[in-house]
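Below, read A as the first sequence line, B as the second, and so on, with proteins coming before strands; counting in each chain starts at 1. Note that the coordinates shown come from a computational prediction; the quantities given were computed from them, not determined experimentally.
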Number of protein chains: 2
Amino acid sequence: MRHLADQIEVMKNKGFKVTHQRLVVLDYLQHSKKHPSAEMIYNDLKEKYPTMSLATIYNTLEMLMKINLVVDIGAPEERRRFDGILVEHSHFFCTKCGKIEDLTVPGIEQLFEKAKAAHPGTINHCRLDFFGFCEECQAQEEQAVE
Amino acid sequence: MRHLADQIEVMKNKGFKVTHQRLVVLDYLQHSKKHPSAEMIYNDLKEKYPTMSLATIYNTLEMLMKINLVVDIGAPEERRRFDGILVEHSHFFCTKCGKIEDLTVPGIEQLFEKAKAAHPGTINHCRLDFFGFCEECQAQEEQAVE
DNA sequence: TAAATATTGACATTTATTCTTCTTTAGTCT
DNA sequence: AGACTAAAGAAGAATAAATGTCAATATTTA
């Protein structure tokens, strides 16, 4: 599931067409650490692909989520934010400035397995998120108190 | 932080007024296991409090989140869903029917502590969520394959 | 290469959430 | 207790993210 060729296979197997636009969005997401919103993707891609519409970005994201190549990270903002880097990792959300950081906390795997075993249905994805102040906002906060 | 009197203290200490509406919303959330949206809260409360407006629900929720008496559980839906029961627990989201279940997975505490220690800023809240098919949807899925 | 079918893109629409204005209330001071 | 002031509430309008529509176009498969 790491190479584009594999992902093209996944799309085909699930009955979806492999379009230029889909590959562009997928490639963008897999090389971005920005956790972009649909509109950020649109803005970044429209320079190179000026005819691509925002609706296509939404359609493509929905389709990529359906086949589990992209996830909605559940950011506490109006806009949905997406991640195409599916190596297991957590997110940290700064509740002051809105920054989103990647974070690796060892031990999620075990919890995931425990939950799978305990749940009567099927669990196929988990997320572990943290909320607080990032380093910069925390420093500002401490200055304000002085 | 379990009794209403304590929560009133929190509101006062942070400089917020303790209004009838705020207490009603807080009480509702702390006794509901529905993980309600703002509109669900509004609909449930308007029978008893017909003059309360939806905007007040939103304002109150935002304020209660600010003082950490309520959390947005980050449900994968258009509508935001809230939880006022702050005993540490996880959520399971059925990606087929949208059902939200409470789930307790032992071991989050340790991950939380690890993350706190590793992060340069301040972490004051974490969430561990699971996604998949609930028991009923899984059963339906299996029938469909036959 | 052509037919059948799925996807794209521009625009219209929906609707969750926020904003605005005016009125009411909570908390405080005398 | 009565009055003051700033915050909060009510009601409805405004905003904008996200989705739906549909003709035009691209892709697949034979």
Starting at atom [atom1] of [X], determine the distance to atom [atom2] of [N], rounded to an integer number of angstrom.
X	N	atom1	atom2	answer
B:E62	D:dG9	CD	C1'	15 Å
B:L23	D:dA8	CG	C1'	13 Å
B:Y42	D:dA10	OH	P	9 Å
B:E77	D:dT19	CD	C1'	16 Å
B:K14	D:dA7	NZ	P	18 Å
A:R79	D:dT15	CZ	C1'	12 Å
B:M40	C:dT15	CE	P	17 Å

Looking only at non-hydrogen atoms, find the nearest pair between A:P36 and A:L29 and report the distance.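 In this case the closest contact between A:P36 and A:L29 is CG-CD2, 3.8 Å.
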Compare every heavy atom of A:E88 with every heavy atom of A:C126, then report the nearest pair and how far apart it is.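 That closest heavy-atom pairing would be O-OE2, 3.9 Å.
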Within the 4.0 Å limit for protein heavy atoms, which parts of nucleotides 25-30 of chain C are touched? Write it as a string from 5' to 3', B for base, S for sugar-phosphate only, - for none. -BS---
Using the closest heavy atom to pick a nucleotide of DNA chain D for each, name whichever of B:M63 or A:R80 lands nearer the 5' end.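 This one resolves to B:M63.
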To the nearest 0.5 Å, how far apart are CD1 in A:I57 and CG in A:L64?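 Between atom CD1 of A:I57 and atom CG of A:L64 there are 10.0 Å.
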Both A:Q21 and B:E39 contact DNA chain C. Taking the nearest nucleotide for each, which residue is further toward the 5' end?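 The residue closer to the strand's 5' end, by nearest nucleotide, is A:Q21.
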Does atom NZ of B:K46 have more than 12 heavy-atom neighbours from other groups under 6.0 Å away?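 Counting neighbours around NZ of B:K46, more than 12 heavy atoms of other residues, nucleotides or ligands fall under 6.0 Å, so yes.
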Closer than 4.0 angstrom, basic N to acidic O: yes or no for A:D83 and A:K33?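 A:K33 and A:D83: not salt-bridged.
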Any ion pair linking A:E136 and A:K99 (charged N to carboxylate O, less than 4.0 Å)?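 Between A:E136 and A:K99 there is a salt bridge, with a charged N closer than 4.0 Å to a carboxylate O.
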Heavy atoms within less than 4.0 Å of DNA chain C: which residues of residues 43-61 of chain A have one? Give them sorted by number.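 The stretch gives A:T51, A:M52, A:S53, A:A55, A:T56 as the residues lying under 4.0 Å from the strand, ordered by number.
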Do the ring centers of A:F130 and B:H119 come within less than 6.0 Å of each other?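 Here the rings of B:H119 and A:F130 have centres that are no less than 6.0 Å from each other.
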Parallel, tilted or perpendicular: which fits the ring planes of A:H91 and A:F93, with parallel below 30° and perpendicular above 60°?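 If you compare the ring of A:H91 with that of A:F93, the planes turn out tilted.
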Establish, yes or no, whether the cationic atom of B:K116 lies under 6.0 Å from the six-membered ring centre of B:F112 and within 45° of the ring axis.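 B:K116 over B:F112 ring: yes.
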